[in-house]
S.K.: 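The structure that follows is given in the form of structure tokens.
Residue numbers begin at 1 in each chain, while the letters A, B, ... track the order of the sequences.
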Protein chains: 2
Amino acid sequence: MSTVQGARARARTEITAAIKDEARKQLAAEGAAKLSLRAVARELGMVSSALYRYFPSRDDLLTALIVDAYDAVGEAAERALAQAAPADAPAERWVAVCAAVRTWALAHPHEYALIYGSPVPGYTAPEATVGPASRVGLVLIGIVRDAHQARGIAVPRLAPQLRGEAERMAAEFAPGLPPAVGPALVAAWAQLFGLISFELFGQFHRVVEERDAFFAHAAAGLAASVGLVLPGE
Amino acid sequence: MSTVQGARARARTEITAAIKDEARKQLAAEGAAKLSLRAVARELGMVSSALYRYFPSRDDLLTALIVDAYDAVGEAAERALAQAAPADAPAERWVAVCAAVRTWALAHPHEYALIYGSPVPGYTAPEATVGPASRVGLVLIGIVRDAHQARGIAVPRLAPQLRGEAERMAAEFAPGLPPAVGPALVAAWAQLFGLISFELFGQFHRVVEERDAFFAHAAAGLAASVGLVLPGE
DNA sequence: ATAAATTCGAGAGCACTGCTCTTGCTTTGG
DNA sequence: CCAAAGCAAGAGCAGTGCTCTCGAATTTAT
């Protein structure tokens with residue numbers, strides 16, 4: 001609806017986009033802590049109070065950038081999956097998606113820190129972020145589901161006291177997969193970002209040198225942990 | 001040396017400690033972003049400029065808190081290892097240490113975010129933080145080394161192109177262990193904090209419900225990934 | 001013990017921040 | 001055509017990190 005808008009509405013969407021673009025530029029340059037509403041307004045040739053017509057507060061601007069960042073990394077993951085050769089083994093597609101997420105993170109460190117570092121505004125993420133935030137996870141789930149339906153997977157081990165939780169997880173976002181895959185997938189998902197965060201936040205300084213190879217190896221280990229097996233095994 | 005100090009030096013160390021304590025209190029209450037030098041000074045009954053006699057900038061105060069936080073989480077890990085029953089299987093001690101780190105993180109979320117969230121001051125961590133930052137990793141290495149010398153471990157798989165890197169890692173901080181353990185340990189170390197960060201930063205919201213059991217299960221998986229085997233296997 | 005050197009706390013001040021409120025101007029819809 | 005709503009601008013408030021200067025206190029050297 002409303003592909004043709006009045007002059008005012010059109011200006012509003014354009015200015016909103018310009019504000020987000022300039023804010024993203026400052027975010028990439030200096031980090032979230034130094035993102036200043038006044039500097040954004042100054043760069044856009046307007047006065048700071050005018051900016052509040054578009055974003056009610058600095059945190060709301062940051063939230064908009066968070067949503068965009070989730071969408072960007074999610075799209076990177078989805079593109080990596082789409083570009084993978086259809087004949088590739090599931091484990092190879094898993095590693096390709098992980099590598100794409102890492103590549104995006106290395107290219108956009110401050111945006112990555114915004115979404116997977118400490119949550120800077122408030123303590124709980126706004127509701128608008130939950131959808132975009134799950135895109136990477138959905139891609140990973142899809143790989144395992146396809147593998148399970150095609151050639152089958154090696155069902156991970158499951159602690160007995162986690163049986164109920166695993167069944168809930170599987171029913172909720174991995175229907176059709178063995179329950180034990182649920183916790184394994186969630187753990188691998190979190191662990192993937194542990195690897196990326198440690199590399200990006202400097203914990204691998206003087207610890208990991210050949211980072212590409214190390215990450216590929218670790219990502220392959222994650223694939224194995226969710227039941228994906230490499231061709232030669 | 002100099003256990004007895006002049007009145008001035010004694011006052012200096014006391015005031016420095018008081019500043020750090022008050023700063024830690026504000027950090028715990030509101031987070032690093034809202035830690036204010038002026039508020040700390042106000043609470044201590046001094047004027048803000050006086051505080052610069054003790055810390056040359058806000059970032060230096062934060063760095064001091066970072067070092068303390070690394071020491072605190074490292075000590076928590078070391079205590080958990082020391083308190084574990086000596087007859088415990090290595091995998092059980094591994095899980096106990098991981099659980100201790102998680103418990104500390106849940107009890108001190110803002111301090112955890114300070115060290116394992118996005119690095120807020122500058123981009124590379126100050127040199128003074130590298131020592132304390134490695135304490136948790138050293139504990140984990142020690143468990144695997146003890147297990148290897150006692151009952152032996154299941155040597156992890158190793159990608160061929162990571163051979164050289166693995167030998168360097170083993171020589172540098174895991175002498176005596178099979179090279180393949182090096183990358184596996186580093187990966188497990190990073191993945192452990194991925195699990196904790198996701199839980200703490202809200203990514204597990206509506207995803208993981210029984211968090212204690214889930215974490216224990218995932219930590220046992222990490223133990224297995226570095227070659228520690230549970231007794232009943 | 002006295003003089004010099006150093007350390008310290010206080011205050012004023014600068015440049016900056018997020019945010020609010022009021023004042024006119026422009027676009028919109030009846 | 002005109003009232004209503006949306007909008008940019010400016011002034012202003014409370015707060016921030018940080019610098020500089022100036023007396024007072026303490027340490028050190030003579």
S.K.: Which atom pairs, one a donor and one an acceptor, fall under 3.5 Å between side chains of residues 96-103 of chain B and the rest of the protein, sequence neighbours left out?
M.R.:
from: B:Arg102; atom 1: NE; to: B:Glu199; atom 2: OE1; distance (Å): 2.9
from: B:Arg102; atom 1: NH1; to: B:Asp212; atom 2: OD1; distance (Å): 3.1
from: B:Arg102; atom 1: NH2; to: B:Glu199; atom 2: OE2; distance (Å): 3.0
from: B:Arg102; atom 1: NH2; to: B:Asp212; atom 2: OD1; distance (Å): 2.8
from: B:Thr103; atom 1: OG1; to: B:Ala99; atom 2: O; distance (Å): 2.8

S.K.: Is there a donor-acceptor pair under 3.5 Å between the side chain of A:Ser197 and the backbone N or O of A:Gly194?
M.R.: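 It does not hold such a pair.
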S.K.: Contact class for B:Leu35 vs. all strands (heavy atom < 4.0 Å): base, sugar-phosphate, or nothing?
M.R.: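 Sugar-phosphate: the residue B:Leu35, judged by heavy atoms under 4.0 Å, touches backbone atoms but no base.
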S.K.: Touch check for B:Phe55, heavy atoms < 4.0 angstrom, all strands: base, sugar-phosphate only, or nothing?
M.R.: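 Here B:Phe55 touches no strand at all.
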S.K.: So does B:Glu75 pair up with B:Arg135, basic N to acidic O under 4.0 Å?
M.R.: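 Between B:Arg135 and B:Glu75 there is no salt bridge, as every charged N stays at least 4.0 Å from the carboxylate O atoms.
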S.K.: Could you tell me how far apart A:Leu51 (CG) and D:dA9 (P) are, to the nearest whole angstrom?
M.R.: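 The answer, rounded to whole Å, is 11 Å.
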S.K.: Listed in order of residue number, which residues of residues 11-19 of chain B have a non-hydrogen atom at under 4.0 Å from DNA chain D?
M.R.: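 Of all residues in residues 11-19 of chain B, none places a heavy atom under 4.0 Å from DNA chain D.
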S.K.: Any base atoms under 4.0 Å from A:Ser36, or only sugar-phosphate, or nothing? Heavy atoms, all strands.
M.R.: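 Here A:Ser36 touches the backbone only, sparing every base.
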S.K.: Salt bridge between A:Glu14 and A:Arg10, side-chain N to carboxylate O under 4.0 Å?
M.R.: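 Salt bridge: no.
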S.K.: CZ of B:Arg58 versus P of D:dC18: gap in Å, rounded?
M.R.: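 The answer, rounded to whole Å, is 8 Å.
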S.K.: Answer yes or no: is there a donor N or O on one side and an acceptor on the other, between the side chain of B:Ser118 and the main chain of A:Ser118, under 3.5 Å?
M.R.: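 Yes, because the side chain of B:Ser118 sits within donor-acceptor range (under 3.5 Å) of the backbone of A:Ser118.
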S.K.: Quick one: how far along DNA chain C does chain B reach, first to last nucleotide 5' to 3', anything under 4.0 Å to a heavy atom?
M.R.: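 Nucleotide range with atoms under 4.0 Å of chain B: C:dT7 to C:dG13.
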S.K.: Does the side chain of A:Asp60 pick up a donor-acceptor pair with the side chain of A:Thr63 at under 3.5 Å?
M.R.: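 Note: A:Asp60 and A:Thr63 side chains miss the donor-acceptor criterion.
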S.K.: Return the value, rounded to whole Å, for the distance between atom CZ of A:Arg38 and atom P of D:dG10.
M.R.: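 Rounding to the nearest Å, CZ of A:Arg38 and P of D:dG10 are 13 Å apart.
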S.K.: For the helix from C:dA1-D:dT30 to C:dG30-D:dC1, what angle separates the axis at the start from the axis at the finish, each from five pairs, in steps of 10°?
M.R.: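 End-to-end axis angle for the helix from C:dA1-D:dT30 to C:dG30-D:dC1: 10°, rounded to 10°.
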S.K.: How many angstroms lie between atom CD1 of B:Ile19 and atom CZ of B:Arg24, to the nearest 0.5 angstrom?
M.R.: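 One gets 12.0 Å once the value is rounded to the nearest 0.5 Å.
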S.K.: Among A:Phe198, A:Phe201, A:Tyr116, whose ring pair (Phe, Tyr, Trp, His ring centres under 6.0 Å) with B:Phe193 holds?
M.R.: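 Single pass found, and it is A:Phe198.
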S.K.: Please state how far atom CE in A:Met46 lies from atom P in D:dG10, giving the value in whole angstrom units.
M.R.: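 It works out to 14 Å between those atoms.
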S.K.: Taking all non-hydrogen atoms of both residues into account, name the closest pair between B:Phe214 and B:Leu195 and its distance.
M.R.: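 Shortest heavy-atom separation between B:Phe214 and B:Leu195 comes out as CE2-CD2, 4.2 Å.
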S.K.: How long is the span from the CD1 atom in A:Ile15 to the CG atom in A:Leu44, to the nearest 0.5 Å?
M.R.: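 Output value for this atom pair is 8.5 Å.
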S.K.: Return the 5'-most residue of the pair A:Pro56, A:Arg42 with respect to DNA chain C, ranking by each residue's nearest nucleotide.
M.R.: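 Taking each residue's closest nucleotide, the earlier one in sequence belongs to A:Arg42.
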S.K.: Spell out, as yes or no, whether a donor-acceptor pair under 3.5 Å connects the side chain of B:His108 to the backbone of B:Trp104.
M.R.: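 Looks like yes, one N/O pair under 3.5 Å.
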S.K.: Summarise how protein sits on nucleotides 25-30 of chain D as a single string, 5' to 3': B when a protein heavy atom is under 4.0 Å from the base, S for sugar-phosphate-only contact, - for no contact.
M.R.: BBS---
S.K.: Please tabulate, for the side chains in residues 30-41 of chain B, all donor-acceptor contacts under 3.5 angstrom to protein atoms that are two or more places apart in sequence or on a different chain.
M.R.:
from: B:Ser36; atom 1: OG; to: B:Arg38; atom 2: N; distance (Å): 3.2
from: B:Ser36; atom 1: OG; to: B:Ala39; atom 2: N; distance (Å): 3.0

S.K.: Report which part of the nucleic acid A:Ser48 touches: base, sugar-phosphate, or nothing (heavy-atom distance under 4.0 Å, all strands).
M.R.: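 Base: the residue A:Ser48, judged by heavy atoms under 4.0 Å, touches a nucleobase.
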S.K.: Under the 3.5 angstrom rule, does the side chain of B:Glu165 hit a backbone N or O of A:Glu210 as a donor-acceptor pair?
M.R.: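 Yes, because the side chain of B:Glu165 sits within donor-acceptor range (under 3.5 Å) of the backbone of A:Glu210.
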S.K.: Tell me which of A:Gly45 and B:Ser57 sits closer to the 5' end of DNA chain D, going by the nucleotide each one is nearest to.
M.R.: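 Upstream on the strand: A:Gly45.
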S.K.: Has the side chain of A:Arg53 got a donor or acceptor that lies under 3.5 Å from a partner of the other kind on the base of D:dG6?
M.R.: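 In this structure, the two groups form no donor-acceptor pair.
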S.K.: Kindly say whether B:Val207 contributes a backbone atom to a donor-acceptor pair with the side chain of A:Arg168 at under 3.5 angstrom?
M.R.: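 Between the backbone of B:Val207 and the side chain of A:Arg168 there is a qualifying donor-acceptor contact (under 3.5 Å).
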S.K.: Within the structure, does a side-chain N or O atom of A:Tyr52 lie under 4.0 Å from either OP1 or OP2 of D:dA8?
M.R.: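 Checking D:dA8 against A:Tyr52, no side-chain N or O comes under 4.0 Å of OP1 or OP2.
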